[in-house]
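Remarks on the structure that follows.
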Amino acid sequence: MSWFSFLFTRKPRSSTITQTSSSFKSQQEIPTLPTLGLNDESGRRYRDDTPYMLPKDMEEINRLDFQHFALRSSLQGNYLAPINKSAPPRTILDVGSGSGIWGYEMCKEFPGSQIFGFDLEALKDNPPANYHFHQGNLLEGLPFEANSMDYVHQRLLMGALPATAWPEVTKELARVVRPGGWVELFEVDGECFVPAGPVGRIFIDNLQKVALMRGIDILIGKNLDTYLKDAGLINVVKRQVDLPLGDWAGRIGSLMKKDLIPLFYTFRDPFMRTLNISAEKFDEMHATMIQEWESYHPTTGFYSIIGQKPV
């Protein structure tokens, strides 16, 4: 058995996350974006077979790419885990790879490493030679052998995973990382921005209600260090990263503003359908909230949580 094929050799195990490794396909076998779920009145494409709250369409791909550049610029890099560049990881896994941009950039930063992306759908063409995409649902487990990844990265899946799934998900991330390797989670604080103006506070409260209706707790980031410890990881460190939001804060604030304006607008249809808020009322709330950012000078909070698998 080759080293490469070893990564995908799975043994059945007992878990509340069902293992269905045979359903995963290579990137070359993945078709174009299927018609799943529903389109809202503006034509946005959502999936109705998962709790995922955000759209899955080309507009969202562009937003995810911009979000990546904003975060990379703000954090001055693609990761916070203590990766040893003199002995770079052979295998890196990006769980919830989204548009794929993070993995593509890691391919350039670590040309001798094999980078694996895992998501519901492949969203980019022409991957680098050392990038390998695998399609699947994280709630059904990862199609990788235990102890096969040197570094596991998962970013901004707070709006995709039910609150009850996080303990098993973090155990799954810990399972596939090798002894001595690192798991890194990066999640937004579900308060979204603080301080919030009166309309912004209403928007955040409504967003939390919509999320809870789908079984999602957008405040889960505060507990992820505990979940990594419960999954058996050591040297767990949680950092809070606060980034300014609004043109008042210069370049970084403007980047975050340009990312969050379309992000928050994607909740227009869920607000209308589940909270009985009219389109006109949502648009007014959204516009006023953006204006408040320039007066209240908020920051957007993120959590970076890293943990190491014991040797």
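From a predicted model like this one, the values you see are computed outputs, not experimental measurements. No hydrogens, no waters, no symmetry mates; every other heavy atom, side chains included, goes into these values.
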Close side-chain approach of [X] and [Y], heavy atoms under 4.5 Å:
{"X": "Leu157", "Y": "Leu138", "result": "yes"}
{"X": "Lys257", "Y": "Ile290", "result": "yes"}
{"X": "Met158", "Y": "Asp217", "result": "no"}
{"X": "Asn206", "Y": "Ile202", "result": "yes"}
{"X": "Ile306", "Y": "Val236", "result": "no"}
{"X": "Leu161", "Y": "Ile220", "result": "no"}
{"X": "Met149", "Y": "Leu173", "result": "no"}
{"X": "Ile83", "Y": "Pro88", "result": "no"}

[atom1]/[X] to [atom2]/[Y] distance, rounded to the nearest 0.5 angstrom?
{"X": "His153", "Y": "Ile92", "atom1": "NE2", "atom2": "CD1", "result": "10.0 Å"}
{"X": "Lys229", "Y": "Ile234", "atom1": "NZ", "atom2": "CD1", "result": "12.0 Å"}
{"X": "Ser97", "Y": "Gln154", "atom1": "OG", "atom2": "CD", "result": "11.0 Å"}
{"X": "Phe302", "Y": "Leu185", "atom1": "CZ", "atom2": "CG", "result": "14.5 Å"}
{"X": "Asp242", "Y": "Phe193", "atom1": "CG", "atom2": "CZ", "result": "14.0 Å"}
{"X": "Leu75", "Y": "Ile252", "atom1": "CG", "atom2": "CD1", "result": "9.0 Å"}

With hydrophobic residues grouped by side-chain heavy-atom distances under 4.5 Å, do [X] and [Y] end up in a single group?
{"X": "Leu263", "Y": "Val199", "answer": "yes"}
{"X": "Leu139", "Y": "Val95", "answer": "yes"}
{"X": "Tyr296", "Y": "Phe264", "answer": "no"}
{"X": "Ile101", "Y": "Leu93", "answer": "no"}
{"X": "Trp182", "Y": "Phe110", "answer": "yes"}

Verdict with supporting geometry, Leu207 and Cys192, side-chain contact (heavy atoms from CB on, under 4.5 Å):
CA-CA 10 Å; Leu207 178 58; Cys192 300; 3.9 Å; yes

(message) Going by side chain to side chain donor-acceptor pair (under 3.5 Å), name the residues that satisfy it together with Arg72, two or more places apart in sequence or in a different chain.
(response)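 So Arg72 forms a side chain to side chain donor-acceptor pair (under 3.5 Å) with Glu105.
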
Salt-bridge contact Arg175-Glu168 (side-chain N to carboxylate O under 4.0 Å):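 Between Glu168 and Arg175 there is no salt bridge, as every charged N stays at least 4.0 Å from the carboxylate O atoms.
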
Q. Under the side-chain contact (heavy atoms from CB on, under 4.5 Å) criterion, do Ile305 and Phe186 qualify, and how do the steps go?
A. CA-CA 6 Å; Ile305 310 100; Phe186 190 83; over 6 Å; no

Strictly distance-based, threshold 3.5 Å: is any side-chain N or O of [X] a donor or acceptor partner for the main-chain N or O of [Y]?
{"X": "Glu145", "Y": "Val176", "result": "no"}
{"X": "Asp225", "Y": "Lys238", "result": "no"}
{"X": "Trp102", "Y": "Ser99", "result": "no"}
{"X": "Lys309", "Y": "Val177", "result": "yes"}
{"X": "Asn130", "Y": "Ser113", "result": "yes"}
{"X": "Glu294", "Y": "Asp247", "result": "yes"}
{"X": "Ser148", "Y": "Phe144", "result": "no"}
{"X": "Thr288", "Y": "Met285", "result": "no"}
{"X": "Glu187", "Y": "Gly221", "result": "no"}
{"X": "Glu292", "Y": "Gly200", "result": "yes"}

Write out all pairs satisfying salt bridge (charged side-chain N to carboxylate O under 4.0 Å, His left out) with one or both partners inside residues 146-159, taking only residues at least two apart or from two chains.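 Qualifying pairs: Asp150-Arg178.
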
*Taking only residues at least two apart or on different chains, which pairs with a member in residues 274-288 satisfy salt bridge (charged side-chain N to carboxylate O under 4.0 Å, His left out)?*
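Residue pairs passing salt bridge (charged side-chain N to carboxylate O under 4.0 Å, His left out), neighbours aside: Arg268-Asp283.
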
| request: Give the C-alpha distance, both sets of side-chain angles, the deciding distance and a yes or no for side-chain contact (heavy atoms from CB on, under 4.5 Å) between Ile218 and Leu212. | output: CA-CA 8 Å; Ile218 63 175; Leu212 287 174; over 6 Å; no

Minimum-distance pair of heavy atoms, taken over all atoms of [X] and [Y]:
{"X": "Pro298", "Y": "Pro195", "value": "CB-O, 3.3 Å"}
{"X": "Gly307", "Y": "Leu228", "value": "N-CD1, 4.2 Å"}
{"X": "Leu80", "Y": "Ser304", "value": "CD1-OG, 3.3 Å"}
{"X": "Ala70", "Y": "Leu255", "value": "CB-CB, 3.9 Å"}
{"X": "Leu275", "Y": "Met213", "value": "CD2-CE, 3.7 Å"}
{"X": "Gly190", "Y": "Ile204", "value": "O-CG2, 4.1 Å"}

Show the numbers, then the answer: is there a salt bridge (Lys or Arg N to Asp or Glu O under 4.0 Å) between Asp205 and Lys209?
CA-CA 6 Å; Asp205 290 344; Lys209 290 178 184 178; over 6 Å; no

* To do: Under the ring-ring contact (aromatic ring centres under 6.0 Å, His included) rule, what do Phe271 and Phe203 come out as? Steps first, then yes or no, please.
  => CA-CA 10 Å; Phe271 274 38; Phe203 188 97; 5.1 Å; yes

When the ring planes of His286 and Phe282 are compared, do they come out parallel, tilted or perpendicular, using 30° and 60° as the limits?
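Ring orientation of His286 relative to Phe282: parallel.
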
Between His132 and Phe116, is the gap from one ring center to the other below 6.0 Å?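 Yes, the ring centres sit under 6.0 Å apart.
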
* Asked: Does the pair Met256 and Thr299 meet the rule for a side-chain contact (heavy atoms from CB on, under 4.5 Å), with working shown?
  -> CA-CA 9 Å; Met256 296 307 301; Thr299 59; over 6 Å; no

For this session: Ignoring hydrogens and angles, state whether a donor on the side chain of Tyr79 or Glu184 is under 3.5 Å from an acceptor on the partner side chain.
Result: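 Result is no, nothing qualifies.
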
